[in-house]
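Since we're looking at a predicted model, the values are computed, not measured. The chains referred to below are lettered A, B, ... by the order of the sequence lines, with proteins before strands, and numbering in each begins at 1.
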Amino acid sequence: MVEIRLTDTLTRGKVDLAPIDPTDVRMYLCGPTVYDRAHLGNARPVVVFDVLYRLLRYVYGADHVSYVRNFTDVDDKINARAAAIGRPIREITDETIGWYHADMDALGALRPSLRGEVTPAAEPRATDYIAQMIAMIQELIADRHAYVAEGHVLFDVRSFPAYGRLSGRSVDDMIAGARVEVAPFKRDSMDFVLWKPSDATTPGWESPWGRGRPGWHIECSAMASALLGDSFDIHAGGIDLQFPHHENELAQSRCAYPDADFARIWLHNEMLQVEGKKMSKSLGNFFTVRDLLDQGVAGAVIRYVFLMTHYRKPMDWTADKVREGRRTLADYAAQTRTVAPADQIAPGLIEALADDLNTSEYLRLLKEFSKTGRYRDLKAGLEFIGLSRTDTGSAILDEPDMPDDVRNARRDYARVRAAVWHDIAGDHPPDPVQPGDESVAAYQAAICQLVRDAARHLGVQERVISSFDTDSTLTRQLALAADQADIPGLIDQRRRARQDKDYALADALRVKIAELGIELRDTAAGTVWRGVQD
RNA sequence: GGCGGGUUGGCGGAGAGGUUACGCAGCGGAUUGCAAAUCCGUGUAGACCGGUUCGAUUCCGGUACCCGCCUCCA
């Protein structure tokens, strides 16, 4: 059995993972508040802890791992959004959840599951757990860890002596440094809201304290306990959530279930920066995952860039890294295209991940496999960590929430693009089909256009090109194009010239072929050609 | 103001109290008619100042700068 070591925020050191129940290893990750597209910073924990999820599934078996990631779908930001754009809350949250799935799928993140079963239950919505939250709050009040004041229910931080331990703060220090105005009904300025009243225009649920809605922190506590039990193995999230969110979760849950641990191990990933600066709207370096995908940065490249840096170090997003990731993955794709993955994942790879998710070491090993010709190990390693590509080079970009026939058309488009245009992983032209206007016909037209462009590139006569239409098969059109340009004939001519040592002619032919957008390589197995990008 | 993270060679980025990290780029060479690819070789890096030590980039203290949380844009 592989020993997994992780850095636990609570004890501030590396600990061995010793699952409470090895037949059901349980992990919770705080998910998004659903009111807008996920930005790049939101994606880092998802990718990082997806790697841990994959490791756990490998070590304990996929059916022996439960991974829960919630959706916060009740929140004042959502309310504000709904009011601002005049749309129903449920519509906004549903739409945002769809986006989130599409974007995280594109990054190769596996869907959460309960004992290996991918189910909506593994991605709970806060609004489906209001009853559990109310029950938990009642428990806290009964045990004098919470009190009611002016329609609010507040958690009494002084009732939990360990409050502040997770984030390394003392209540007294925080009060001394506090700059916030304290609501008059709080007993202690650090007390936080478990339940707050709603007015007629705000979403609310009936409760013993009147119509109201939950505070943010109680949501995660209630959902984690309901789905993973009062004690579970791992609680993960961004370091920005360490305080107050996780501190408060921990306090509530420990007080509500005094005999349980809540999470045994707390994991936190460090923050993302962009070109050395904090990502913010005011600096103009704020962008979403979807923005990057639309710009042609493949999900696999984004994932690769994330994994270059250890999860507990601040990570800088730069154009240079994107270039490096793109090139590396392109090399790997070429090397692994025709080989089968190794039956067993190389032990060194697992050891690297088991040592506190050393993804940097993992990628170093992949590079070593690539250099030493261990392509089957390379392929298995790429697949294991979610960096493999299908032969279309873009399956990772497929949107799972579109109709099947449209998705197929889109996949065809990607396949054609990869075949006739260029062969560079992670690189694709902007989608010619506008979002919202996606249809089978639109993609067929785009495919036809692509083939025409490619044929023109190969020097095919316009008369022939104009006969291309969306009904012809791609194979026929390409054969026609290749015939017209007679690439094989030119290559053969050049081969004979080289045999005759007529290098002047050979070079002239190379130039002629290059003008058609074709690059030649003389290899041991003969001359091969491929299209090059302008 | 309080708490926490970071600072490694041109760029990216690890581990380890003493031995080459590694990758990319660069440079030199080999090979190839040329080109591409490939192969070999090549870097006295560790923000700054002190301390501990036989020895520190690695431990401790301080300084500077960057970032985060404390203020529900992660």
For A/H235 and A/W266, take the angle between the two ring planes, folded into 0 to 90°, and tell me which bin it lands in: parallel under 30, tilted 30 to 60, perpendicular over 60.
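The rings of A/H235 and A/W266 lie parallel, inter-plane angle below 30°.
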
Quick one: sort the A/Y53 and A/Y67 rings into parallel, tilted or perpendicular, breaks at 30° and 60°.
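Tilted.
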
On RNA chain B, does the nearest nucleotide to A/A506 precede the nearest nucleotide to A/F286 from the 5' side, or the other way round? Give the residue.
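That would be A/A506.
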
Contact nearer the 5' end of RNA chain B, comparing A/D320 with A/N269:
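So the residue in question is A/D320.
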
With a 4.0 Å cutoff (strictly under), does any side-chain N or O of A/K321 reach OP1 or OP2 of B/rG23?
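For B/rG23, OP1/OP2 do not have a side-chain N/O of A/K321 under 4.0 Å.
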
Shortest side-chain distance from [X], nucleotide among [options]:
| X | options | answer |
| --- | --- | --- |
| A/K367 | B/rG23, B/rC70, B/rC66 | B/rG23 |
| A/Q273 | B/rG6, B/rC66, B/rG23 | B/rC66 |
| A/Y35 | B/rC73, B/rG33, B/rC67 | B/rC73 |
| A/D507 | B/rG33, B/rC72, B/rC70 | B/rG33 |

Detail all sub-3.5 Å separations between protein N/O atoms and N/O atoms belonging to nucleotides 14-16 of chain B.
residue	atom	partner	partner atom	Å
B/rA14	OP1	A/H310	N	2.9

Enter the distance from A/F155:CZ to A/D191:CG here, rounded to the nearest 0.5 Å.
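Going from CZ on A/F155 over to CG on A/D191, the span is 8.5 Å.
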
Separation between the [atom1] atoms of [N] and [M], rounded to whole Å:
| N | M | atom1 | result |
| --- | --- | --- | --- |
| B/rA25 | B/rG43 | C1' | 12 Å |
| B/rG12 | B/rG33 | P | 40 Å |
| B/rU44 | B/rU63 | P | 34 Å |
| B/rG13 | B/rG6 | C1' | 14 Å |
| B/rG41 | B/rA56 | P | 31 Å |
| B/rA47 | B/rU7 | C1' | 6 Å |
| B/rC59 | B/rA16 | C1' | 13 Å |
| B/rC22 | B/rC73 | P | 44 Å |

Within 45° of the six-membered ring axis of A/F243 and under 6.0 Å from that ring's centre, is NZ or CZ of A/R169 located there?
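Relative to the ring axis of A/F243, which defines the angle, A/R169 lies inside both limits.
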
Distance under 6.0 Å and angle within 45° of the ring axis: does A/R158 meet both against A/Y163?
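No.
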
When you compare the side chains of [X] and [Y], does any donor N or O come within less than 3.5 Å of an acceptor on the partner?
| X | Y | answer |
| --- | --- | --- |
| A/S198 | A/R213 | yes |
| A/E123 | A/H101 | yes |
| A/T9 | A/H268 | yes |

Pull out every stem in RNA chain B, meaning runs of 3 or more consecutive Watson-Crick or G-U wobble pairs with both distances under 3.5 Å.
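Output for stems: B:1-7 with B:64-70, B:10-12 with B:22-24, B:26-30 with B:38-42, B:47-51 with B:59-63.
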
Ion pair present between [X] and [Y], side-chain N to carboxylate O less than 4.0 angstrom?
| X | Y | value |
| --- | --- | --- |
| A/R5 | A/D16 | yes |
| A/E383 | A/K379 | no |
| A/D50 | A/R111 | no |

Can you tell me the distance, in whole Å, between the [atom1] atom of [X] and the [atom2] atom of [N]?
| X | N | atom1 | atom2 | answer |
| --- | --- | --- | --- | --- |
| A/R323 | B/rC11 | CZ | P | 15 Å |
| A/L40 | B/rC73 | CG | P | 18 Å |
| A/H245 | B/rC73 | NE2 | P | 13 Å |
| A/R44 | B/rC73 | CZ | P | 20 Å |
| A/L272 | B/rC66 | CG | C1' | 15 Å |
| A/H268 | B/rC69 | NE2 | C1' | 11 Å |
| A/F243 | B/rC69 | CZ | C1' | 9 Å |
| A/R169 | B/rG1 | CZ | P | 16 Å |

Tell me what [X] touches on the nucleic acid: a base, only sugar-phosphate, or nothing, going by heavy atoms under 4.0 Å.
| X | answer |
| --- | --- |
| A/T318 | nothing |
| A/Q242 | nothing |
| A/G41 | base |

